[in-house]
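Right, one structure below, let's go through it.
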Amino acid sequence: QVQLVESGGGLVQAGGSLRLSCAATGRTIRSVAMGWFRQSPGKEREFVASISWSGSITNYADSAKGRFTVSRDNAKNTVYLQMNSLKPEDTALYYCAASSGIYSSPRINEYTSWGQGTQVTVSS
């Protein structure tokens with residue numbers, strides 16, 4: 001069983017940037033796709049970005065396109081989410097998740113391991 005630990009969240013002003021990291025322990029994540037999701041109070045958890053096992057394929061939610069970049073370093077067993085031009089509506093608890101497969105996917109039910117989340121708060 002893989003354990004995922006997110007870090008890098010915090011409070012930032014609108015227009016600012018944050019880089020989230022997701023470190024995996026327990027087993028390698030180099031053979032599975034990874035995803036980032038977020039959840040705001042009173043809302044369902046939603047897809048943000050995903051990346052294939054090799055890093056060659058990425059997918060983004062419309063809200064993230066052009067502002068967020070997902071990447072991975074398989075040698076470090078770590079996945080990243082670079083978030084630029086942040087908006088107040090990006091405020092949420094951000095989760096990293098490991099898929100059961102190798103393909104980048106926005107489908108939440110394909111992700112079997114989850115971290116505890118890191119809070120991102122964007123002030124206006």
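In this chain, residues are counted from 1 in sequence order.
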Subject >> Q116 atom CD, over 12 foreign heavy atoms within 6.0 Å >> reply: no

Can you tell me how far the [atom1] atom of [X] sits from the [atom2] atom of [Y], to the nearest 0.5 Å?
X: Y94; Y: L18; atom1: OH; atom2: CG; value: 9.0 Å
X: E110; Y: S105; atom1: CD; atom2: OG; value: 3.5 Å
X: C96; Y: M34; atom1: SG; atom2: CE; value: 3.5 Å
X: R30; Y: D73; atom1: CZ; atom2: CG; value: 9.5 Å

**OP:** Could you tell me whether the side chain of S40 and the main chain of T91 form a donor-acceptor pair under 3.5 Å?
**Re:** yes

Original post:
side-chain hydrogen bond (donor to acceptor under 3.5 Å, both in side chains): which pairs involve residues 6-22, sequence neighbours left out?
Top reply: S17-N84

Original post:
What's the verdict on ring pair (Phe, Tyr, Trp, His ring centres under 6.0 Å) for W36 and F68, showing C-alpha distance, side-chain angles and the deciding distance?
Top reply: CA-CA 11 Å; W36 286 96; F68 294 3; over 10 Å; no

Original post:
With sequence neighbours excluded, what pairs up with S56 under the side-chain hydrogen bond (donor to acceptor under 3.5 Å, both in side chains) test?
Top reply: S54

Original post:
Do Y111 and F37 make the cut of ring centroids closer than 6.0 angstrom?
Top reply: yes

Original post:
Is R45 positioned over the aromatic face of W114, cation under 6.0 angstrom from the ring centre and no more than 45 degrees off axis?
Top reply: yes

Original post:
Should the pair R107 and F47 be classed as cation-pi, given the thresholds of under 6.0 Å to the six-membered ring centre and 45° from the axis?
Top reply: no

**OP:** Please determine if D62 and K65 form a salt bridge, counting it only when a charged side-chain N lies under 4.0 Å from a carboxylate O.
**Re:** yes

